[in-house]
Amino acid sequence: MPNTGPGMIVDVEQAVERLRAGELVAFPTETVYGLGADALNRSAIGKVFSAKGRPPDHPLIVHLPNLDLAQKWSSGFSNSALRLATEFWPGPLTLIVKRAEFVPLEVTGGQETVGLRVPSHPVAQELLSRFGGGIAGPSANRFGKVSSTSADDVLREFPDSNLGVLDGGTCVGGIESTIVDCSGDSLAILRPGLVTAEQIFESLGIMPRGREASSPRTAGGHQTHYSPSARVVILSPVELDILIAKVAGAESGNRYMLCVAGAPSGLPRQMKPVPVSGDPVELASRLYSLFRQADREGYSHIVFLQPEPGGVGVAIADRLNRAAAREEV
Ligand code: TXA
Ligand code: MG
């Protein structure tokens, strides 16, 4: 995107005008902010990729106001897709389905499938209903960086761009939607999120597979440079004790932000405790703002305890592992 001026907060009407004019609008959802464009406007889609610095073969999610409209963007929902959509939409769930013929290949990264989502955030709902069409949008962050969970995050992420930002407050979900591939004969979770494998099993009586080498391409497989700049460290309680003892006994320039429930007292001065909830849903809602805080405050390391297996813990483990490996989600 050309550097035509700083981003600005817009209202829903201005946001719709901008989308119709082929401009970008960042918008809130209950998971994270999206960087939206008219999904049928190829030149607007091009602007999304250049604003993000994202390779063009990475597909975008198309956001729609309801299931009826979403179904038009597919050549056909499977029974499982229909069931999941009925149960979890509007909500933090993206379904990969076969695309309708009119869906631009620029949106799908050249694939015959498309990712569809009906978000529940009231501002997203209002935007989508008033726009009346599909809004293609990845998370509103530069490629490889942490997703934005507030309008301020978005403005800071794209300081030089002529971007309209619709402010819907802080995202309550805090991590990106669960992505379920419903395009083949079996179901697979391509990205875990707040809609869990257990909930999908309860709904369908089928346990979805996890992400596999043969699964369709997602951005998650790519190594990138930062996410956040502080090194993410994931430890068992015993490993945390060992780290604390090591830091206490050795002088180094490292500074640690300890994001653990019930941090021990008497920590060495290079370690700052930032108490977090042991509940993975609560941790999800704060995770990216903790990453940003660590960078803002100049910590060299940000430390988490390994989450409990199962449920939303799977999504937390996924985001922590990717951040530790410095991959985008
Ligand atoms: O919560 C979210 O999902 C947010 C909000 C804005 O909706 N969006 C988001 O988009 O996280 P993005 O582009 O950052 O991540 C979407 C992921 C990417 O890894 C992309 O490759 C994958 O979904 N994806 C999209 N369409 C796909 C398709 N047809 N097949 C396989 N993966 C797909
Ligand atoms: Mg993303």
Side-chain angles (χ1 to χ4, degrees), residues 24-37 39 45 48-49 51-64 70 73-75 81 88-100 103-121 123-125 127-128 134-149 153-154 157 166 168 171-184 188-195 211-212 214-222 224 227 284 288 315 318-319 322-323 327-329:
L24 303 188
V25 171
F27 63 101
T29 79
E30 66 279 17
T31 56
V32 298
Y33 274 72
L35 186 63
I45 298 301
V48 174
F49 285 97
K52 255 191 90 98
R54 180 174 183 156
D57 61 345
H58 285 212
L60 305 180
I61 294 172
V62 179
H63 301 79
L64 292 144
W73 285 68
S74 170
S75 62
F88 297 106
W89 280 354
L93 175 71
T94 296
L95 298 176
I96 307 294
V97 293
K98 295 209 168 73
R99 75 178 173 106
V103 180
L105 288 170
E106 286 84 348
V107 170
T108 70
Q111 303 188 71
E112 285 307 315
T113 56
V114 62
L116 301 178
R117 172 167 176 221
V118 176
S120 66
H121 194 294
V123 176
Q125 274 290 325
L127 176 70
L128 287 162
I135 300 179
S139 50
N141 53 280
R142 293 191 195 266
F143 185 63
K145 284 239 197 174
V146 177
S147 294
S148 298
T149 53
D153 289 348
V154 179
E157 192 72 13
L166 196 50
C171 304
V172 283
I175 55 170
E176 305 80 359
S177 60
T178 304
I179 302 181
V180 181
D181 183 7
C182 304
S183 66
I189 295 186
L190 303 186
R191 182 177 68 188
L194 294 168
V195 173
R211 191 168 145 223
E212 289 161 15
S214 62
S215 298
R217 181 176 58 238
T218 69
H222 281 248
T224 54
S227 154
Y288 293 154
D318 173 75
R319 301 311 188 273
R322 290 186 200 232
E327 285 182 9
E328 126 139 346
V329 284

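Every number for a ligand or one of its atoms is a count from 1 in the order of the listing.
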If we check side-chain contact (heavy atoms from CB on, under 4.5 Å) with Val195, which of these qualifies: Leu93, Ile189, Thr94?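 Of the listed options, the one satisfying the test is Leu93.
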How about Val32: does one of its N, O or S atoms come closer than 2.8 Å to the Mg ion (ligand 2)? no
May I ask you to check if any N/O/S atom from Asn141 comes under 2.8 Å of the Mg ion (ligand 2)?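 For Asn141, the answer is no, given that no N, O or S atom comes within less than 2.8 Å of the Mg ion (ligand 2).
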Heavy-atom distance to [atom]: which of [options] wins?
atom: atom 7 (O) of ligand 1; options: Lys98, His63, Glu112; answer: His63
atom: atom 13 (O) of ligand 1; options: His121, His58, Arg54; answer: Arg54
atom: atom 23 (O) of ligand 1; options: Leu95, Ile179, Thr31, Val32; answer: Ile179
atom: atom 25 (C) of ligand 1; options: Pro59, Gly174, Gly115; answer: Pro59

At less than 4.0 angstrom from any non-hydrogen atom of [X], what atoms of ligand 1 do you find?
X: Gly34; result: 6 (C)
X: Thr113; result: 28 (C), 29 (N), 30 (N)
X: Val114; result: 29 (N)
X: Ile61; result: 3 (O), 8 (N), 9 (C), 10 (O), 16 (C)

Is the closest N or O pair between [X] and ligand 1 shorter than 3.5 Å?
X: Glu176; value: no
X: Lys52; value: no
X: Tyr33; value: no

Qualifying residues under side chain to side chain contact (heavy atoms under 4.5 Å, CB included), relative to Phe49, sequence neighbours excluded: Ile45, Arg54, Leu60
I'd like to know if Arg99 and Glu112 make a salt bridge, using a cut-off of under 4.0 Å between side-chain N and carboxylate O. yes
At a 4.0 Å cut-off, with the gap strictly under it, does some heavy atom of Thr108 reach an atom of ligand 1? no
In this structure, does ligand 1 have an atom that sits under 4.0 Å from one of the heavy atoms of Arg99? no
If you look at every heavy atom in [X] and [Y], which pair is closest and at what distance?
X: Pro90; Y: Pro119; result: CB-O, 3.4 Å
X: Arg322; Y: Leu190; result: NH2-O, 4.2 Å
X: Gly173; Y: Leu194; result: CA-CD1, 3.5 Å

Phe27/His121 aromatic ring centres below 6.0 Å: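 Aromatic pair excluded; centres sit 6.0 Å or further apart.
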For salt bridge (charged side-chain N to carboxylate O under 4.0 Å, His left out), just list the numbers for Lys52 and Glu157, CA-CA rounded to whole Å, side-chain angles, deciding distance to a tenth of an Å, and then say yes or no. CA-CA 10 Å; Lys52 255 191 90 98; Glu157 192 72 13; over 6 Å; no
Please tell me whether Thr31 and Ser177 have a donor and an acceptor in their side chains that are separated by less than 3.5 angstrom.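 Thr31 vs Ser177: no donor-acceptor pair found between side chains.
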Taking atom types as modelled and ignoring hydrogens, do the side chains of Ser139 and Glu176 form a donor-acceptor contact shorter than 3.5 angstrom?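 Absent: no donor and acceptor within the cut-off.
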